[in-house]
Each structure stands twice: as C-alpha cells, then as structure tokens.
Amino acid sequence: MFTEQGPTLRELAVQALSSIEHGYDLLAPKFDRTPFRTSDRLLDSVAGALRPLGPFAAGLDICCGTGAGMDVLRQVCREQAVGVDFSAGMLAAAASRYAAAAASPDPAASPDPAASPEPDASPDPDAPAAPAGPPVVGRRGPAVSWVRADARALPFAPTFDLAVSFGAFGHFLPRERPLLFTQAYAALRPGGCFAFPVMAPPGPNSLLYWTLLGFDATMRIRNALWRPRFVMYYRTFPLSAVLEDLGRAGFTVELFPLTDLGRLPDGSPRARLVVARKPRDV
C-alpha cells in the first residue's frame, strides 16, 4: 500500500492486531514509506518557529520513531540530540539512516527516509531500556544518540534544554497524559521547553472529521474485542485539555501559529506550535 516499497495490506493488518510495541517493530523497516511519517513540511515549519526561541544545547525527541523529529533537533541544537522510543525496531531503523547520513560525503546531508537501510536483525522485544548505540557524530550538528525507554518512565536527569514530540500522542489515553507531561518536565533543565505541533480539528462538514471519527470508533471496538490492545486514537488530544494538563505539570504555555502551513477560512492557523516552558527558578 501507499508506495511499491511500503507495507502491504496484510502487513498492516498484522501490525494492527499486535501490541503497540510489537506492531511498530514489524512496521519499522517500511514506516518511512507510509503517510504516517511526519511530513518534512511540518518539520521545517516547527524548526523555523523554534530557532528564535533558542539557542538550545541538548534536545530530546520523545517517541522518536524512525527519527523524523530528530531532523528538527539537528537544526536547532548545538551539542546533543537524543531520540527515545520503546520500539527497538523503530530505533534500529532510525540509527541506520542516521549512521548512513553521518558517513555521507555531503556535510549538509540529511537522512533520506526512502533510502534508509533495513536493520540487519529483528529487535529483541525483551531487551531492557538502554542506548541503541553510541552517539553518531556527523560532520556538522550535534551528536545523535538513541535510547530505548517508555515515555511514561523516562530515564533522564534534567539535562535537556528542549524536548519535542511529533505524532505520538494518540498512543496515550487521556488519563496517561499528565504522567507523560510530568516525565517531559522532569527531563528538562530549568527554563527548558517542551514543544509539539497541534493541528486545528476538522469541522463536521469535512470528510476528515468523519474519517477520524470512524477510525477511532473502529479502534475502540477492536480494543474491546481483541488483546493485546493497540492504543491509537485521533480525537483524544483536545487543545483545551492539553493546556490544562501542561499547566498542572508545572509548565507555562505559549502558542505560536505555524502560518506557513496555511490558514482556515476564518483566518485562524491550520497548525500551532505548543511551547511549554519549565520555570527558570525551580
């Protein structure tokens, strides 16, 4: 499906009937050839909005997957960029393409998702949370490293100036969101930022509204009838509730319109960047 190099319908079905972790382990070698990968246009927009808020020394990509968001950290962080995910398969795919980019003769090269080599071996699903390899230091930009861990139990001291996350919040139930935000808060230095984009919700007169509503309903039925559960919902991250949970976690929050991604008919932006800052005096 999607492209000739992408996953087949059967492979997607097997993934959907697996746990979240195992499903992404299976999908990892072909994930960047699906529309599920965060678009370069969105990544570039976020990077542009973050630059004036820096400089940042160390950055963390929470639920990094195959590392698309790490491209943002490589642009705005000077010293270190760390990707954390609980899927060993996704981390292996990310490490492979970044190692290839670091070895490129072009010093400005970025990892090419379509050219990513597949991992040599299947990941060990029982492996403990641990670095997925030594830092990859390219000819320019920060040192890049990978850590396998659950975002609800991050194994980091408060050493990061910036944390980001892209497209992963649908894998957390609303009741898990406060813990997720508390973990991001704990990994940041005083004054550090937790940033992520949010899209304006589609209205009921749009096809996308009913598509997402149908998808979430299907997933709820699937999870009621099948084990293990696969938590993935599109309509469980309303901005008002998210802002409340960020405030309770200790953040002060600003919203920055990503106007280069377009505007709605009423003039409001299609996307915003949420920037939650940890107080400097803690």
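Taking every heavy atom of both residues into account, S45 and D260 meet most closely at OG-OD1, 2.7 Å. T38 and A68 make their closest contact through O-CB, 4.4 Å (heavy atoms, listed as atom of the first residue, atom of the second, distance). When all heavy atoms of A195 and L273 are compared, the pair lying nearest together is CB-CD1, 4.2 Å. In terms of heavy-atom proximity, R177 sits nearest to P238 at NH1-CD, 4.4 Å. Nearest heavy atoms, P279 versus G250: CD-O, 3.3 Å. Shown here for F160 and V82, the closest heavy-atom pair between the two residues is CE2-CG2, 3.8 Å.
Grouping the Ile, Leu, Val, Met, Phe, Trp and Tyr side chains by contacts below 4.5 angstrom, directly or via other members, places L264 apart from V198. A chain of hydrophobic side-chain contacts below 4.5 Å, direct or via other Ile, Leu, Val, Met, Phe, Trp or Tyr residues, connects V46 to L53. Placement of L246 and L179 in two distinct hydrophobic clusters is found when ILVMFWY residues are connected by side-chain heavy-atom separations under 4.5 Å, directly or transitively. A continuous path of hydrophobic side-chain contacts links M219 to Y234 [ILVMFWY only; heavy atoms under 4.5 Å]. Note: the hydrophobic cluster containing L243 also contains F237 (ILVMFWY, side chain heavy atoms under 4.5 Å, direct or indirect links).
Note that CG of L239 and CD of E244 are 10.0 Å apart. Values are rounded to the nearest 0.5 Å. Separation of atoms NZ (K278) and SG (C193) is listed at 12.0 Å; rounding is to 0.5 Å. Taken to the nearest 0.5 Å, the CD atom of Q75 stands 9.5 Å off from the CG atom of L50. The OG1 atom of T252 sits 9.5 Å away from the CZ atom of R280 when rounded to the nearest 0.5 Å. Summarising the geometry, atom CE belonging to M70 is positioned 8.5 Å from atom CG belonging to L60; distances are rounded to the nearest 0.5 Å. Rounded to the nearest 0.5 angstrom, D61 CG and F166 CZ are separated by 6.5 Å.
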Q: Check the pair L173, T236 against side-chain contact (heavy atoms from CB on, under 4.5 Å), reporting the backbone distance first and the verdict last.
A: CA-CA 7 Å; L173 296 172; T236 57; over 6 Å; no
Q | Candidate pair V275 and V253, rule side-chain contact (heavy atoms from CB on, under 4.5 Å), full reasoning | A | CA-CA 6 Å; V275 178; V253 184; over 6 Å; no
Q: Please test H171 against F230 for side-chain contact (heavy atoms from CB on, under 4.5 Å), starting from the C-alpha separation and ending with a verdict.
A: CA-CA 8 Å; H171 292 301; F230 191 97; 4.1 Å; yes
Q) Are F215 and M232 close enough, and set up right, to give a side-chain contact (heavy atoms from CB on, under 4.5 Å), and what steps lead you there? A) CA-CA 9 Å; F215 179 91; M232 179 63 225; 4.1 Å; yes
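By the 4.5 Å heavy-atom criterion applied to side chains, L188 and P158 are not counted as neighbours. Taking the side chain as every heavy atom from C-beta outward, V147 and L154 never approach each other to under 4.5 Å. The shortest side-chain heavy-atom distance between L180 and F169 falls under the 4.5 Å cut-off. By the 4.5 Å heavy-atom criterion applied to side chains, F181 and R248 are not counted as neighbours.
Y233 meets the ring-ring contact (aromatic ring centres under 6.0 Å, His included) test with no other residue; sequence neighbours excluded. Annotation: ring-ring contact (aromatic ring centres under 6.0 Å, His included) contacts of F256 (sequence neighbours excluded): none. Looking at residues two or more places apart in sequence or on another chain, you find no ring-ring contact (aromatic ring centres under 6.0 Å, His included) involving Y209.
The backbone N or O of P178 sits nowhere less than 3.5 Å from a side-chain atom of D245 that would complete a donor-acceptor pair. Checking side-chain atoms of R189 against main-chain N and O of T159 turns up a donor-acceptor pair under 3.5 Å. At distances below 3.5 Å, at least one donor-acceptor pair connects side-chain atoms of R277 with backbone N or O atoms of G191. Of the possible polar contacts, one joining the S165 side chain to the I62 backbone as a donor-acceptor pair under 3.5 Å is found. A donor-acceptor pair is defined here as one N or O able to donate and one able to accept, closer than 3.5 Å; such a pair exists between the side chain of R97 and the backbone of T66. Although no hydrogens or angles enter the test, the distance criterion places a donor-acceptor pair under 3.5 Å between the side chain of D161 and the main chain of A57.
Within 6.0 Å of CD in E176 there are more than 12 heavy atoms belonging to other residues, nucleotides or ligands. By the neighbour-count criterion of 12 heavy atoms within 6.0 Å, atom CZ of R175 is sparsely surrounded, having that number or fewer from other residues, nucleotides or ligands. More than 12 heavy atoms of other residues, nucleotides or ligands shown are found within 6.0 angstrom of CZ on R235.
Taking the six-membered ring for Trp and the full ring otherwise, Y185 and F251 have centroids separated by under 6.0 Å.
Contact check on R41 versus D44 returns no salt bridge, with no Lys/Arg side-chain nitrogen under 4.0 Å from an Asp/Glu carboxylate oxygen.
In summary, the side chains of S268 and D266 do present a donor paired with an acceptor at a separation below 3.5 Å, with no hydrogens or angles considered.
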